[in-house]
Number of protein chains: 4
Amino acid sequence: MSDGAPAERRERGRTRDAAATASILNAAMSILVEKGLAGFTIEGIAARAGVGKATIYRWWPSRGAVALDAFLDAVQPLVPYPEDEDFPTQLRVQVTALVRVFRDHEVGGVVRALMGEAQTDPDLAAAFRDRWLEARRTVGRAVFREAQRTGQIRDDLDIETAIDLVYGAVYFRLLAGHQPLSDEFVGDLVDYAVRGLAPSST
Amino acid sequence: MSDGAPAERRERGRTRDAAATASILNAAMSILVEKGLAGFTIEGIAARAGVGKATIYRWWPSRGAVALDAFLDAVQPLVPYPEDEDFPTQLRVQVTALVRVFRDHEVGGVVRALMGEAQTDPDLAAAFRDRWLEARRTVGRAVFREAQRTGQIRDDLDIETAIDLVYGAVYFRLLAGHQPLSDEFVGDLVDYAVRGLAPSST
Amino acid sequence: MSDGAPAERRERGRTRDAAATASILNAAMSILVEKGLAGFTIEGIAARAGVGKATIYRWWPSRGAVALDAFLDAVQPLVPYPEDEDFPTQLRVQVTALVRVFRDHEVGGVVRALMGEAQTDPDLAAAFRDRWLEARRTVGRAVFREAQRTGQIRDDLDIETAIDLVYGAVYFRLLAGHQPLSDEFVGDLVDYAVRGLAPSST
Amino acid sequence: MSDGAPAERRERGRTRDAAATASILNAAMSILVEKGLAGFTIEGIAARAGVGKATIYRWWPSRGAVALDAFLDAVQPLVPYPEDEDFPTQLRVQVTALVRVFRDHEVGGVVRALMGEAQTDPDLAAAFRDRWLEARRTVGRAVFREAQRTGQIRDDLDIETAIDLVYGAVYFRLLAGHQPLSDEFVGDLVDYAVRGLAPSST
DNA sequence: CTATAACCGAGACGGTACGTCCAGTCTTTGG
DNA sequence: CCAAAGACTGGACGTACCGTCTCGGTTATAG
């Protein structure tokens with residue numbers, strides 16, 4: 001949420017109302033799921049949460065920031081950590097998990113909304129990159145590095161590009177909507193990528 | 001958006017003013033380039049174009065539709081058709097051309113704006129898919145099919161997935177902005193993809 | 001409004017379309033009666049009459065002018081001429097007739113609309129005065145003069161003021177709506193006025 | 001329009017801004033006087049008052065309501081209360097005062113505008129009746145009742161009709177503009193009315 | 001019998017104002 | 001000092017009409 005500071009020194013005055021915060025994030029998430037980003041307004045959130053607009057502005061700089069917090073609140077628990085498998089399997093498990101979250105939990109719409117809004121709001125874009133994308137890439141990077149160490153992929157690989165090769169296609173389908181995020185798609189995608197990243201057969 | 005139908009039957013009443021149409025698209029494009037989608041308002045376009053708001057609403061259903069027409073007007077001439085080369089070269093040329101258009105002609109920001117707006121506006125999303133993405137994919141598909149015919153890539157390939165493997169990464173970097181759209185990126189991307197799509201070495 | 005010049009020299013070109021004119025006045029009257037002056041728009045009249053807007057503007061300068069013509073067309077036949085009776089009876093008959101037209105033929109609303117619009121449109125005000133009020137006053141003046149000649153009212157009377165004494169109350173109730181235009185009202189009104197205008201009893 | 005209720009219970013939230021209210025009414029009055037009801041727009045008032053349109057719409061339902069409040073603000077202090085005189089003198093003083101207000105203080109135009117607008121806007125019509133006409137009639141009614149008690153006018157008189165006999169003529173000349181609101185007119189009018197309302201000479 | 005002119009319907013045009021919504025800020029009362 | 005309530009300025013929205021202006025097409029008179 002906006003801050004980070006771990007409430008070091010007990011400050012004067014009334015403390016932040018945790019109930020209000022939770023109420024705001026719940027209201028935000030339910031509005032996002034019901035109506036998408038259109039119709040996602042600060043006034044609407046305040047009304048549904050039973051909260052003054054100023055209370056929202058005190059803690060979040062923009063509607064996108066609220067949406068991002070609500071999204072992370074709802075979605076952080078859902079994504080798995082890699083288990084001890086070979087590289088193709090690990091990659092397939094990771095991508096499948098992400099696609100399923102997008103497809104099954106009405107989360108895809110929220111991600112679309114957030115990335116759409118981020119095209120207009122640079123602060124949101126940065127926050128989304130740092131708090132969502134980068135967190136996921138950290139996990140992904142570990143998987144690729146381990147695969148490099150065990151010789152399952154080339155060691156002159158640009159890992160950032162390799163990650164984008166796989167996940168770019170997923171986000172592209174999510175955002176452009178020209179093709180479905182099917183399990184077959186994930187299978188082929190991982191297959192082509194694994195081959196493309198493998199060491200030269202010589 | 002505006003038409004499509006080739007004005008078959010002469011209609012009654014005053015005819016559409018081509019000068020106004022051009023003026024609107026120019027104004028729209030220049031506002032998009034100057035200020036991005038924030039600050040891209042119907043009122044602003046009307047004012048800069050010297051046109052009544054109603055004239056815009058008469059022909060376009062939303063600001064996104066205006067932006068799309070303006071974008072296509074400006075960008076259609078810039079993208080090349082494939083020449084007679086081997087598959088890796090053709091792919092590299094195509095992807096490089098797209099990335100350069102995004103990078104060099106202030107067009108990247110417009111595409112970001114359009115795709116961002118499309119997350120909220122389903123009509124715009126459909127139009128963007130049909131009139132931009134699909135047009136580009138048609139070219140891309142031909143390249144992949146030719147490569148298939150000449151045995152440069154596997155013939156059990158899902159071409160749609162293959163296209164997304166390459167172009168997804170480009171759009172992902174454009175929209176998420178976590179890494180630059182550099183020429184090195186394009187080089188590696190095409191390299192990994194070509195390997196991944198190649199026939200089994202056996 | 002509509003005419004004036006009695007078609008002296010036959011002019012070149014297509015002549016005025018009488019059907020269109022009638023259609024416009026009918027449409028105007030029916031819109032006035034249905035919706036009042038709010039909702040009485042040139043576009044609405046043109047649409048209902050099946051006529052181009054320009055055709056209306058060619059012949060009338062404003063919506064008020066159309067309304068006035070439509071009103072006079074519909075109402076001129078309804079008001080009676082004075083018969084050969086004594087003054088109080090003549091006055092009562094005249095006022096009663098006017099009040100009944102206002103009450104019974106949905107004409108009251110149109111007069112209210114016209115006088116309301118005239119507060120804003122000086123040309124309409126002048127036309128309404130000349131073509132309606134003055135026409136009615138001419139009849140009224142004759143009645144008062146005859147009464148003066150026969151000694152039924154004072155001969156030092158200011159006839160204009162006397163007319164306003166009677167008709168002013170009627171129009172006031174029509175426009176302000178604070179009291180109904182009942183027959184009892186007319187009776188009392190004429191009674192008080194006749195007494196007030198009578199010669200001194202000495 | 002705005003309230004009336006004497007702010008019984010102190011409410012939560014920011015209180016109504018008296019400066020904004022005054023600024024709106026001043027702007028409204030000055031626009032009315034300068035340009036009449038044509039050119040009297042909510043946007044114009046907001047601009048001149050330095051106020052958002054929503055602030056006007058929050059407190060008044062229509063431009064007519066604003067005009068009425070501005071009018072009453074400006075005019076309430078100007079009309080006198082009856083003094084201790086005989087009936088004809090009292091009536092003459094009252095009518096003369098009203099006519100002078102109409103003539104001399106640019107208030108006539110505003111009343112014309114209000115009554116014109118009221119022909120189209122029923123809410124305004126009701127408010128104008130209750131807050132202006134009825135307030136004036138209350139004073140007038142007292143004068144007539146006192147005259148009845150002292151035998152200066154008939155006691156079977158319909159006072160409402162009697163009031164309209166006098167004031168109807170004034171408003172008629174104001175609204176129709178066919179004759180001036182001169183002092184001679186007032187003199188004759190009161191003279192004829194007083195005679196007409198007097199008890200039978202027997 | 002052809003020009004020329006004024007008419008007609010339709011409807012696009014540049015504008016103005018509407019009334020609504022929301023943004024982001026400010027000012028109250030009250031916990 | 002925080003929270004709720006809600007009034008404030010401001011700006012864009014999408015709509016409705018305004019009055020003007022082309023369009024293609026239709027009667028009329030004049031040559």
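Labels below follow one simple rule: chain letters A, B, ... track the order of the sequence lines, proteins then strands, and each chain is numbered from 1.
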Only pairs under 3.5 Å count here: list side-chain donor-acceptor contacts from residues 31-42 of chain C, not counting sequence neighbours, and write none if there are none.
unit_1, atom_1, unit_2, atom_2, d
Glu34(C), OE1, Arg48(C), NH2, 3.2
Glu34(C), OE2, Arg48(C), NH1, 3.0
Thr41(C), OG1, Gly44(C), N, 2.9

>> By nearest atom, which of the nucleotides dT9(F), dA7(F), dA4(F) is closest to the Ala20(D) side chain?
In response: dT9(F)

> Can you tell me how far P of dG24(E) sits from CH2 of Trp60(A), to the nearest Å?
Replying inline: 15 Å

>> Using heavy-atom distances to pick each residue's nearest nucleotide on DNA chain F, tell me which of Gly39(C) and Glu43(A) is more 5'.
In response: Glu43(A)

> Whole-Å distance between dC13(E) C1' and Tyr57(C) OH?
Replying inline: 14 Å

>> What is the separation between atom CG on Leu37(B) and atom C1' on dA12(F), rounded to the nearest whole Å?
In response: 14 Å

> Does Trp59(C) place a side-chain N or O at less than 4.0 Å from the phosphate oxygens OP1/OP2 of dA6(E)?
Replying inline: no

> Considering heavy-atom distances to DNA chain E, does Thr41(D) or Arg14(C) have its closest nucleotide positioned more toward the 5' end?
Replying inline: Arg14(C)

> Does Thr55(A) put a side-chain nitrogen or oxygen below 4.0 Å from OP1 or OP2 of dA4(F)?
Replying inline: yes

>> In this structure, how many angstroms lie between the P atom of dG10(F) and the CZ atom of Arg48(D), rounded?
In response: 16 Å

>> Between Asp69(C) and Arg131(C), does any NZ, NE, NH1 or NH2 come within less than 4.0 Å of an OD or OE carboxylate oxygen?
In response: yes

> Starting at the 5' end of DNA chain E and moving along, which residue's nearest nucleotide shows up first, Ala18(B) or Ala49(C)?
Replying inline: Ala49(C)

>> Taking any heavy-atom pair under 4.0 Å as a contact, classify Gly50(C): base, sugar-phosphate, or nothing.
In response: sugar-phosphate

> What integer distance in Å separates Ile56(A):CD1 from dA4(F):C1'?
Replying inline: 12 Å

> Where do Gln119(B) and Met115(B) come nearest, in terms of heavy atoms and distance?
Replying inline: NE2-O, 2.9 Å

>> Regarding Arg63(A), tell me which of base, sugar-phosphate or nothing describes its non-hydrogen contacts under 4.0 Å with the strands shown.
In response: nothing

>> So Ala46(C), base contact, sugar-phosphate only, or nothing? Heavy-atom distance under 4.0 Å.
In response: nothing

> Is there a donor-acceptor pair under 3.5 Å between the side chain of Glu117(D) and the backbone N or O of Leu124(D)?
Replying inline: no

>> Looking at Arg12(B), I'd like to know whether one of its side-chain N or O atoms comes within less than 4.0 Å of OP1 or OP2 on dA10(E).
In response: yes

> Roughly, in whole Å, what's the span from CD1 in Ile45(D) to C1' in dC18(E)?
Replying inline: 13 Å

> Between Ile42(A) (CD1) and dT25(E) (P), how many Å, whole number?
Replying inline: 11 Å

> Partners of Asp17(B) by side-chain contact (heavy atoms from CB on, under 4.5 Å), sequence neighbours excluded?
Replying inline: Ala19(B), Ala20(B)

> With respect to the phosphate group of dC13(E), does any side-chain polar atom (N or O) of Arg58(B) fall under 4.0 Å of OP1 or OP2?
Replying inline: yes

> Atom NZ of Lys53(D) to atom P of dC18(E): distance rounded to whole Å?
Replying inline: 7 Å

